Structures are given as structure tokens and as C-alpha cells.
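Remarks on the structure that follows.
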Amino acid sequence: MNSKMQGNTAIGDRPRYIPVEIEEKWQRRWDEMRLFHAEIDPSRPKFYLLEFFPYPSGDGLSVGHSKNYVPTDTFCRFLRMRGVNVLHPMGWDAFGLPAENEAILKQVHPAENTPKNAANYKRQMRLQGLSYDWEREIDASNPDYYRWTQWFFLLMYKRGLAYRAVAAQWWCPQCQTILANEQVENGYCWRHTDQLAERKELEQWYFRITDYADELLTALDELDWPEPILAMQRNWIGRSEGARIDFQATRADGSAVTIPVFTTRPDTIFGATFLVLSPEHPEVDGLTTDEHRARVIQYQQQSGLESEITRLATDREKTGVSTGAHALNPFTREQIPIWIADYVLVSYGTGAIMAVPGHDERDREFARKFHLPIRTVVKEGVEIDPERDGYEPEQDSGYTGEGRMVSSGEFSGLSTEEGRRRIVEALKERGIGQPAITYRLRDWLVSRQRYWGAPIPIVYCDGCGIVPVPEEDLPVLLPALEHYQPAGDGRSPLATSAEFVNVTCPDCGGPAQRETDTLDTFVDSSWYYLRFTSPHDATRPFDPAAARYWAPIDLYVGGAEHAVMHLLYFRFFAKVMNDAGLVDFREPAIKLRNQGQMHAADGQRMSKSRRNVVTPDSVVAQYGADALRTYLMFMGPFDADAEWDETGINGVWRWLNRMWDLATDDRRGGNGESGNEHEELLRAMHRTIRKVGQDFEAFRFNTAISALMEYTNLLSRERDDSTDPALIDNLLKMCAPLAPHMTEELWHHRGHDTSIHLESWPSYDSELAVETTVTVAVQVNGKLRDIITLPRGANRDEVERVARASAKVARFLQDNSPAQTIYVPDRLVNFVIR
RNA sequence: GCCGAGAUGGCGGAAUCGGUAGACGCGUCGGUCUCAAAAACCGGUGGCCGCAAGGCCGUGCGGGUUCGAGUCCCGCUCUCGGCACCA
């Protein structure tokens, strides 16, 4: 009989796979059934899977976003089938500069614009079958939320971790606000890549994240995070071990002053031939002699004004001026000159260095330019010649590594490592220094002079000074300002609202003014994952019992671009919350994964201006959500970058259609009696269940799909009328996390009346999951000569006998009997001749 | 400059413990169906030599270890990402 004829006839009576006709229907039913709603259930293992809090942009989602959301959704669905209680929420990081800038550009108030954008994101997410628990949706710009953001500010304040300070800060003229260090990239604003950040002296609010620098660094070792992110955090925190050394100097008026410096190389102190202070160093004024004063002041002004632009050029020539003052090198007993230069930063270490031009490239460049002495005190290697152990200016090697100390008095001859210890001991004994650790990390600047953020809950009272807003008065509502655009004078738009600003002091009832700055958006996103555990709690930021059950996050997923901003801040918050007894963990996310970047077909980043954005909407309209989902995961590994290439989607489209045909073919799945190939198919099924489960667990969706394709192809080829229905039902279950709509439709078509998404993940029989026969490679001298098929577990003698019997092998063995035979059971035999 | 990740057919990728390189797809070529086309289905498809049987070469480059290397070691090249005067 012609099976094709039969197939055609059958297909005539069967429904065809038309995604648009089924997807909306199931999305609605799942909502009605509250299928993805999570409740606390101590009897089941929990899993909290969270994606980075997105800012809902007016551009909507692209398939690039889907590369993040679809695989994680698949993973959640897989876990649910495994009986895990999964928390998978979604919300909106709706406060902040991007939202406000977009609103200004479109001339729509952000309070109006952002909910519209969020609704569009939600629509697009639903469209792709993403299984979020929408009953837990949160919005950082909602007073119900930012009330608690303000509460956390007060917590920081109470714990002495929020403080006000004046400092020169990065200012973006386009954003019209101060930026955090983390938001300045190469001197440019992170939001305006062609806008150089400028310096501005302003009084700002800071969080004392540096108090936690050490733990933020060491605890990285316990995290299951991608290595690049860990490396970036380590670099950002930038721990340096060394010593603080006090240099005695004389002020212009003859008084004595101590200038502490930080160095990682105390072993080179005999080579310290001058000191360099940052131009902003507080002692500069007192040190400078009258004859140098004019030049020093001029240099200070110049570096204050334009250093941010010129400091960018790394190949820029060093600049600096002498103060005319001197300090005593405590080891050489020499008076060494004190200079100021902008290559020394006021905000790092002590803002002053001992310059060792012989063994530091920067100091060396500086010394050469200004003709300051360069002295060699370290020699490469272990050999030293006592005869030549002296001052050798011609030996100026510029060596910066480890070696032997020379020209260093009683320390000469020591290794630099040993020398460091001994010098520090000597410093301690003489009371002029001690071991010190310095971090590159700076405190987190959290105030922003912008409208669209949570107002900082502080008032300034003429009598009482800085007064925190009492908790019961929260939220400090963001006033509905019509003119919220920044004025450009460095003041927040909130300052223009007298109604907002003028209040009575909570302490004394006298006249007071509100703080008008708003909080950095990264404060909003530092605790949102806890709000998801009890999003509607009206009395607390989160319910401790809910947090104890769900938190910390089991798997946190997002792009690598937040490596040192959000991911550092939210770790800091967790530690503070733990210290305050609010949570029982110190790390908010044990496991982190970064999805790869999706590029457009032209290899460029997807962006509206390049007109290369592919939206999920367009792909869903053409192929359906299930094909989009499956293709995104089939393209390559989750964490690898990818280029959107629509031609490839045909492969998964064909596969889904083959599966559809298979599951709607009524000749199959009739009586469950064994056909001829039944055993083989059953084994394939068990093998596939094992493989797909393992791959899903490890986030290897591409190879899981590949295995499912192989299994489907096998079933399609096997046109056995009596196929066991479990062969196909289990295929549908395994595909349910990938293609939730289609498998649901087919599940019902096959006579089931409950959702496939409530089914358990199929189990496999490990006996049946192994092949009965194996192919064994036969090599001669390591070269493949034949492949033989044998029963699994055949003994060595048998395998060798069959291998030698092969004509292809015998030809290469000739008459020699092998000198050695390598045997790997069920895999390989290698005959080694001579 | 420093830190990190990577390089496999025409393309996306697979090979999870040092053991059959190229699974699964895309594309392409040939075939079936069709008046024709599309779709679908079947088959071939790393390169070179050969009528064939078969052989040789092949995982960025150069060495090494090993019976055997995409995988391990040493030395490079290129691509991407991060940091960048942090003493």
C-alpha cells in the first residue's frame, strides 16, 4: 500500500498547524486557571528564578530580549513539571533617567508614558507564552513601591551608612545630573556616549558601600557566577595591599606636618626621591612656599577645570608643579621635594604618594620630565654583586617587578618580598607606618538632580539640621510637576515646587525644607527581588516569612552589562539587610547566568536608529510563538552571542509541523500493542527523556532540541500503526516547556482534558535508556580503519577477535602481530604495530 | 598596557572524562509530487586524489606530551568584552 496516499487522505481530515488559531486561546485559559501563580508551599522544594528588572522602553521588546526571557521561561516550565514550586515574577524598573529622557523627547509626562510602555512589554511577553505570575507584577515608580525604597534609605541613614558630603562629582550636561562613578565610562556619560562628563562641586548623598568592600570581594569566591563578572567585580573593588607611611614635612611657615602616603611597594622606599600630592590635597596650601604659590594655584585651577577632559588621554604627558616644600625620607634621611600632579588622585589612598621613579613607570615619566633623581633600589633576578651595591644612576632600568633590594642600607640583598615585610616592621617600630589595605571602590553616590525618581526622605530644619522623614510619613510623594525638565542650574526640578519644598520639621515643628534630590534608580532595583515575595504587603517592604521561603534568588539571569553596577549594589544591600536582621542571607543570588547578546543580521547591535530591530511580534505573526521560542533556543548555547538569521527558523518550523502531523495521525496510538520496531522506539524514548532532562538542567537547550528532533524523526519514519501512545504523549510532555501552546493543543486533541502543563516530567528506565549494541572504532596506530558493531559489554577478547577479522583492519596489520593493543570498552580498539 | 572570553564545513552549531570530528539544523545539489511553481517528502553534501575500491589531509598558527589531542602543556596570531595614571 502506498503510505503517502494514505497519509494525504488522513491529513485531509486532520487539523493543520496554524499557530495564530491556537495561541491566544491557551494564553487566556492559562490565565483563567492561574496556572503560573505561585504560593508558599513548604511541602515542595522552591525555586526562585528572576530576570534582571527591566526598564520598559517605548521601543518595546526585540527578539534580543527574548533570548533572555524564553530560555528562562522554558526552564521554569520544566521545573514545574518536576514538581518544583517556582517563583517567576516580572515587574518594571520604571523610575530613572531613561524613562524620563524618553518622556521629555516624546513630550509625554513620564507618569503617563511609563505605564503605557509597561503594558506593551507585558503584552509582548504574553504573546511569547512567557509564564510569569502576573499577580506579583510590581512597578518601581508606584508609591506603594517607592515608599519602601525611601524606607531603605532611612535604614541606611539610621545605620550610619547614608551621609552627605561635598566633593567634585561627575556631571552630565545632557542628563543635567550628577552621575555615580559606575555611570561614567572613559570619562563619558553612560547614557550619552558622546558627552564628556564634567566636574562639579556639590553636596551629595552617599551610601557607605566601602564599609563592605572586603566582604563584597571575598564573598565572590562562594558565588556560582560567570567568571567574567567575578573578574569585573574584583577589578572594580580593586583591593591593594601595602603600607601607609608617614613622611615628615615642613610647612612654609616652618611648622611640622605629617604627610601619609599609601604604597604597595614599601620595599622600594630607598628609591623614593620625591613626594607627589594630588592638586586637591588639603595640605598643599600650607606647604607651598611664596615663590611657588602663583604656579601652584594656577595648576590647581587648571587641573580642577579641565582635568576631566585631558585626563582621558592615557598617552598624555605628565604635568605638575613643585610646592617648594620638602619632606624627609625616613630611611635615606634625605630631604626630598614635594610636588603636586594630577596623576595622583585625591580620592584614592591618602591622595599622596612617595614617588619611586626607578621602579614605577608613572613616577619615572614624571621624574624624567622634571629632572628629578632616579635611583635603582631593586635588581631583577636573585644574584647581587656586593661590590656594585651602590648608587648607580646609569643603571636606570625601570624594572617594576620583584627581585633583590640594592642600595637600601641594611635591607640590601633581601628579596623584595622579604624586604616588604621587614620595612613595614621597621615602620611600625618607629611609629611612622603600618600595613594598609586600600580599595579602588568608592562610596555610592545616590542623589540625582532629576525629577523621575523616589524623593530622598530628608528635611532640612533651620533649627534641627538634617532630619529624616518619620517612617509613618512615608511615602514622600513625588509631586505631579508639569515642568519636570531639568533647569540646568544643578538643582533638582523638585526645587521649583514651593509646595513640595516647604514643610514643617518633624522634630520641632518649625519651618523646614525638603531634600529635593531623588534617588538613583539602582536603589530601586537593589531590593525589588524581595518585594516580589510579597508584593502587596502594605505594612512592610516585604513579609519576612515570604522572604524566608523564597529568597535568596536561586537563579538570576540577565545581560553582562550590569556587572559592576546593579550586581554590586544589590549585594551590598543584602549584606546591610542581613546586618539589620531583615533577611537570613548575605548574598542575594547564589547562581547567576548571562545570556549571550543577540545581534542583528548585519552583525550590529539591534537599535531603532539602525532600523535592524526584529520584534517578537513580527516573528510570532509569521511562525507563531512556539517556533520563535524553539528557534531562539536552538540557535546556539544560551550564553553565546548570536546573530538573528531568519532563514534558520524553517528548520524548527518543519520540525514542529512533523510533530503536529505525528500527534494528529489517528492511525497511531491505537491499541498500544507491540509492533516490530516497538522495542527500538521505546529505547529511543527512554534515551531521549534522559538526555533532554539532563540538558534542560544544564541550560543546554540547543542540544535538548536536537535530541527531540532526532526522536521525532525516528517516530515519523516508523509508520507503525500500532505505536504505543506513550511514545507520542511523552514527546509532547518533553516539548511542553519549549512549545507550550502547540503541545497543549495536541494534548487536548489526543483526548486529555487537563493541561499538559500540569503533567509530570516523564521518567525514564535507565536499563532501557542504554543502547543494546555499540559501534566500536578500530584503529591501527591511532588511525581509524574500520567501525564494527557489537553487543554492548562484549568482552575484550571478543572485540579484538572481531576487529582483527575485518579485512580493512587486516590490510594494515599485514602479518605483524600488534606490539600493543589499547582497548576502551564499548568505544575503541587500537592496534599498535612497531 | 592589564584582566576575561573565544576561534571547529558555505552558515548556526555538536563532540559533557584524552578515544569514531562535523550530531541536529540552515543552505545547496539531485530526485518524487505538479501543466508549472511553492510547500512537503526522499537522498547526497569538510577538502584533495581516484572510474571505483579506497587513500591522504583536516578543529586559528608553530612546537610538545601520548598508542591516540578539537580536548592536555609551552609559545604566538586574530576577534569580542571589561578596566585603564588606583600608587
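Here is the naming used below: chain letters follow the sequence lines, and residue numbers restart at 1 for every chain. Fair warning: this is a prediction, and the values are worked out from it, not measured in the lab.
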* Asked: Which sits closer to the 5' end of RNA chain B, A:Arg654 or A:Val346, going by the nucleotide each is nearest to?
  ->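 Between the two, 5'-proximity favours A:Arg654.
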Spacing between [X] atom [atom1] and [N] atom [atom2], to the nearest angstrom:
X	N	atom1	atom2	answer
A:Gln595	B:rA5	CD	P	19 Å
A:His562	B:rG82	NE2	P	13 Å
A:Asn235	B:rG1	CG	C1'	14 Å
A:Trp660	B:rC41	CH2	C1'	20 Å
A:Phe701	B:rA23	CZ	P	23 Å
A:Arg593	B:rA5	CZ	C1'	15 Å
A:Asn657	B:rA40	CG	P	8 Å
A:Glu646	B:rG25	CD	P	20 Å

* Residues in salt bridge (Lys or Arg N to Asp or Glu O under 4.0 Å) with A:Arg687, at least two apart? ->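 Testing A:Arg687 for salt bridge (Lys or Arg N to Asp or Glu O under 4.0 Å), a comparison that skips the adjacent residues, returns A:Glu771.
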Compute the ring centroids of [X] and [Y], then answer whether they are less than 6.0 Å apart.
X	Y	result
A:Tyr206	A:Trp444	no
A:Tyr343	A:Phe366	yes
A:Tyr631	A:Trp655	no
A:His359	A:Tyr399	no

Nearest-angstrom distance, [atom1] atom, [N] to [M]:
N	M	atom1	answer
B:rC83	B:rG18	C1'	37 Å
B:rA69	B:rA21	C1'	11 Å
B:rC49	B:rC41	C1'	35 Å
B:rG10	B:rC29	C1'	13 Å
B:rC2	B:rA84	C1'	8 Å
B:rG4	B:rG58	C1'	30 Å
B:rA36	B:rA53	P	35 Å
B:rU45	B:rC11	C1'	14 Å

* Identify the heavy atoms of A:Met734 and A:Leu738 that sit nearest to each other, and give their distance. =>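 Smallest heavy-atom distance, with atoms named: O-CD1, 4.4 Å.
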* Asked: Which residues satisfy the side chain to side chain contact (heavy atoms under 4.5 Å, CB included) test with A:Val774, sequence neighbours excluded?
  ->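 By the side chain to side chain contact (heavy atoms under 4.5 Å, CB included) rule, A:Val774 matches A:Val776, A:Arg792, A:Asp826.
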Identify which nucleotide among [options] has an atom closest to any side-chain atom of [X], counting heavy atoms from C-beta outward.
X	options	value
A:Arg827	B:rA5, B:rU20, B:rC24	B:rU20
A:Gln779	B:rG4, B:rU20, B:rA87	B:rU20
A:Ala777	B:rA87, B:rU20, B:rC24	B:rU20
A:Thr775	B:rC24, B:rU20, B:rG19	B:rU20
A:Trp236	B:rC83, B:rA87, B:rC67	B:rC83
A:Glu710	B:rC24, B:rG82, B:rA5	B:rC24

* Show your working on side-chain hydrogen bond (donor to acceptor under 3.5 Å, both in side chains) between A:Asp443 and A:Thr210 and close with a plain yes or no. => CA-CA 6 Å; A:Asp443 276 339; A:Thr210 51; 2.6 Å; yes
Test item: side-chain donor near acceptor, [X] and [Y], under 3.5 Å:
X	Y	answer
A:Asp786	A:Ser806	yes
A:Tyr348	A:Thr438	no
A:Tyr823	A:Asn830	no

* Establish, with yes or no, whether the OP1 or OP2 oxygen of B:rG25 is under 4.0 angstrom from a side-chain nitrogen or oxygen of A:Asn713. =>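 So the side chain of A:Asn713 is within the cut-off, an N or O lying under 4.0 Å from OP1 or OP2 of B:rG25.
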* Please work out whether the ring planes of A:Phe701 and A:Phe638 are parallel, tilted or perpendicular, with thresholds of 30° and 60°. =>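 Correct class here is perpendicular.
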Answer with base, sugar-phosphate or nothing: what part of the nucleic acid does [X] contact at a heavy-atom distance below 4.0 Å?
X	answer
A:Arg440	base
A:Arg658	sugar-phosphate
A:Gln597	nothing
A:Asp826	nothing

* To do: Return one dot-bracket line describing RNA chain B 5' to 3' (Watson-Crick or G-U wobble pairs, both distances under 3.5 Å; ( ) same strand, [ ] crossing, | another strand, . none).
  => (((((((..(((......[....)))((((((.......))))))((((....))))..(((((..]....))))))))))))....
* To do: Based on the glycosidic angle (syn within 90° of 0, else anti), state the conformation of B:rC74.
  =>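 This nucleotide is in anti.
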* Since syn is defined as within 90° of 0, does B:rG9 count as syn or as anti? ->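 With its glycosidic angle within 90° of zero, B:rG9 counts as syn.
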* Please determine if A:Arg16 forms a cation-pi arrangement with A:Trp660, meaning its NZ or CZ atom is less than 6.0 Å from the six-membered ring centre and no more than 45° off the ring axis. =>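 Ring-cation test returns no.
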* To do: Can you measure from CG (A:Asp641) to NE2 (A:His599) and round to the nearest 0.5 angstrom?
  =>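 Result: 4.0 Å between the selected atoms.
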* Contacts to RNA chain B from residues 259-278 of chain A, heavy-atom cutoff under 4.0 Å, which residues? ->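 Per residue number, the list reads A:Phe262, A:Thr263, A:Thr264.
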Name the pairs: protein N/O against N/O of nucleotides 47-55 of chain B, kept only if under 3.5 Å.
from: B:rG54; atom 1: O3'; to: A:Arg811; atom 2: NH2; distance (Å): 3.0
from: B:rG55; atom 1: OP1; to: A:Arg811; atom 2: NH2; distance (Å): 3.3

If you count the non-hydrogen atoms of other residues, nucleotides and ligands that lie under 6.0 Å from [atom1] in [X], is the total more than 12?
X	atom1	value
A:Arg796	CZ	yes
A:Glu361	CD	no
A:Glu227	CD	yes

* Asked: Using a cut-off of 4.0 Å between protein heavy atoms and nucleotide atoms, how would you tag nucleotides 9-15 of chain B 5' to 3' with B, S and -?
  -> ---BSS-
